[in-house]
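Comments concern the structure below.
Nothing here was measured: the structure is a model prediction, and the numbers come from that model.
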Amino acid sequence: MVLPPRIPRPSHDGSAPVRVLTVAGSDSGGGAGIQADLKTMLALGAHGMSVITAVTAQNSLGVQGAWELPAEAVRAQFRSVADDIGVQAVKTGMLATAELVETVAALLADLPAPVVVDPVGVSKHGDPLLATEALDAVRTKLLPTATVATPNLDEVAQLTGVRVESENDQRRAAGALLGHGPRWALIKGGHLPGGEAVDLLTDGTEEHWLRAPRHDNRHTHGTGCTLAAAIATYLAGGYEVPQAVTAAKDYVTGAIAAGFPLGAGIGPVDHGWLREGTD
Ligand SMILES: Nc1ncnc2c1ncn2[C@@H]1O[C@H](COP(=O)(O)OP(=O)(O)OP(=O)(O)O)[C@@H](O)[C@H]1O
Ligand SMILES: Cc1ncc(CO)c(N)n1
């Protein structure tokens, strides 16, 4: 297991820690969404802050209900954080509706900080977390704000029409996604079969294949949220994109290996896995 680095914390000399903002939905089960993001940011040494876009009643069996917040509530939360505390990187997750996608994209357009867009479409259980009519706003408004976009295979198919069944297809999907404006595309291969979990990171010039052992652990709820939040944290810490994604991959791989059962279905990854014996 490769131990990922942590962002250095100030030695209590009064300087502020790295500050990272998640703009995402709440997962009552604690395994995905803002809960996963804030745990990840803390585990890697950052101060995590949140703009909640939607509330889901969710557990290891799926999503039993979802309620989006008014756009004004999203704008107000964002302003409260950006105007007083300051934001060094942003991660976006569940945005639920076209109106919220456009609202968040407008807020991000004026923010001089790196943005990781996890274009959340459906939960691991297949429950919809984004209205179909919001896809166009994701393509035309949100993706152009992204430093890195991190779709899984279903999401990249929805956004680009490219069905990924091989590493070659990951290349094609990345090219199609880059056409919508993100600086980097990370095509996650978690849903592909095989002994490794292989992701492709590319900006159209550089190509990085990130490989890790596939852990046959069914407790993988929130893997994508965790990866994207880790990438944003490392970017906030000053890492370049390839290095941030590599370190984040190591973090999520360890969190999956340490995943645990909760409830009768798919349990969460263990965001606190770094605590054991590495302090
Ligand atoms: N069983 C596994 N073993 C190791 N790595 C995995 C496994 N499943 C997924 N991954 C890795 O976890 C990261 C997240 O990918 P995944 O495809 O699971 O995202 P996702 O479907 O968006 O997750 P979620 O919707 O649950 O947040 C990727 O780096 C992927 O390669
Ligand atoms: C709130 C929320 N965001 C994202 C995901 C992705 O799995 C989820 N299941 N729930």
Mind checking whether [X] and [Y] have side chains closer than 4.5 Å, heavy atoms only?
{"X": "V156", "Y": "V162", "result": "no"}
{"X": "V116", "Y": "T92", "result": "no"}
{"X": "N59", "Y": "S28", "result": "no"}
{"X": "L3", "Y": "W273", "result": "yes"}
{"X": "V148", "Y": "V117", "result": "no"}
{"X": "H221", "Y": "V269", "result": "no"}
{"X": "V90", "Y": "L111", "result": "yes"}

Quick one: does any side-chain atom of [X] pair with a main-chain N or O of [Y] as donor and acceptor, under 3.5 Å?
{"X": "R171", "Y": "L200", "value": "no"}
{"X": "R19", "Y": "P17", "value": "yes"}
{"X": "T40", "Y": "A229", "value": "no"}
{"X": "R183", "Y": "A146", "value": "no"}
{"X": "S60", "Y": "G267", "value": "no"}
{"X": "N217", "Y": "I256", "value": "yes"}
{"X": "T220", "Y": "T223", "value": "no"}
{"X": "T226", "Y": "V252", "value": "no"}
{"X": "T147", "Y": "V115", "value": "yes"}
{"X": "H219", "Y": "G259", "value": "no"}

For this session: Using the side-chain contact (heavy atoms from CB on, under 4.5 Å) rule, pick out the option among V198, L153, D199 that qualifies with L192.
Result: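 Result: among V198, L153, D199, L153 is the only option passing the side-chain contact (heavy atoms from CB on, under 4.5 Å) with L192.
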[X] side, atom [atom1]; [Y] side, atom [atom2] - distance, nearest 0.5 Å:
{"X": "S50", "Y": "I34", "atom1": "OG", "atom2": "CD1", "value": "4.5 Å"}
{"X": "K91", "Y": "M41", "atom1": "NZ", "atom2": "CE", "value": "7.0 Å"}
{"X": "T246", "Y": "K249", "atom1": "OG1", "atom2": "NZ", "value": "10.0 Å"}
{"X": "W67", "Y": "T56", "atom1": "CH2", "atom2": "OG1", "value": "8.0 Å"}
{"X": "Q88", "Y": "T233", "atom1": "CD", "atom2": "OG1", "value": "10.5 Å"}
{"X": "L38", "Y": "L42", "atom1": "CG", "atom2": "CG", "value": "9.0 Å"}

For this session: Report yes or no: do M94 and L159 belong to one cluster of Ile/Leu/Val/Met/Phe/Trp/Tyr joined by side chain heavy-atom distances under 4.5 Å?
Result: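 Each belongs to a different hydrophobic cluster.
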For this session: Following the transitive rule for hydrophobic clusters with a side-chain heavy-atom cut-off under 4.5 Å over Ile, Leu, Val, Met, Phe, Trp and Tyr, establish whether M49 and L108 coincide in one cluster.
Result: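 Hydrophobic grouping puts M49 with L108.
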I'd like to know if [X] pairs up with [Y] as an ion pair, taking the criterion as any Lys NZ or Arg NE/NH1/NH2 lying under 4.0 Å from an Asp or Glu carboxylate oxygen.
{"X": "D270", "Y": "R275", "value": "yes"}
{"X": "D169", "Y": "R163", "value": "no"}
{"X": "E167", "Y": "R211", "value": "yes"}
{"X": "K124", "Y": "D154", "value": "no"}

Problem set entry | side-chain contact (heavy atoms from CB on, under 4.5 Å) between H208 and T202, intermediate numbers included | CA-CA 6 Å; H208 303 264; T202 180; over 6 Å; no
For this session: Run the numbers on L44 and V20 for side-chain contact (heavy atoms from CB on, under 4.5 Å), then give the verdict.
Result: CA-CA 11 Å; L44 296 180; V20 189; over 6 Å; no
Problem set entry | Check: T150/D118 side-chain N/O donor and acceptor closer than 3.5 Å |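 Looking only at side-chain atoms, D118 and T150 do form a donor-acceptor pair, the distance falling under 3.5 Å.
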For this session: Check the side chains of T53 and E68 for a donor-acceptor pair under 3.5 angstrom, ignoring hydrogens and angles.
Result: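 No, no side-chain donor-acceptor pair sits under 3.5 Å.
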For this session: Show your working on side-chain contact (heavy atoms from CB on, under 4.5 Å) between L201 and W209 and close with a plain yes or no.
Result: CA-CA 6 Å; L201 173 71; W209 291 94; over 6 Å; no
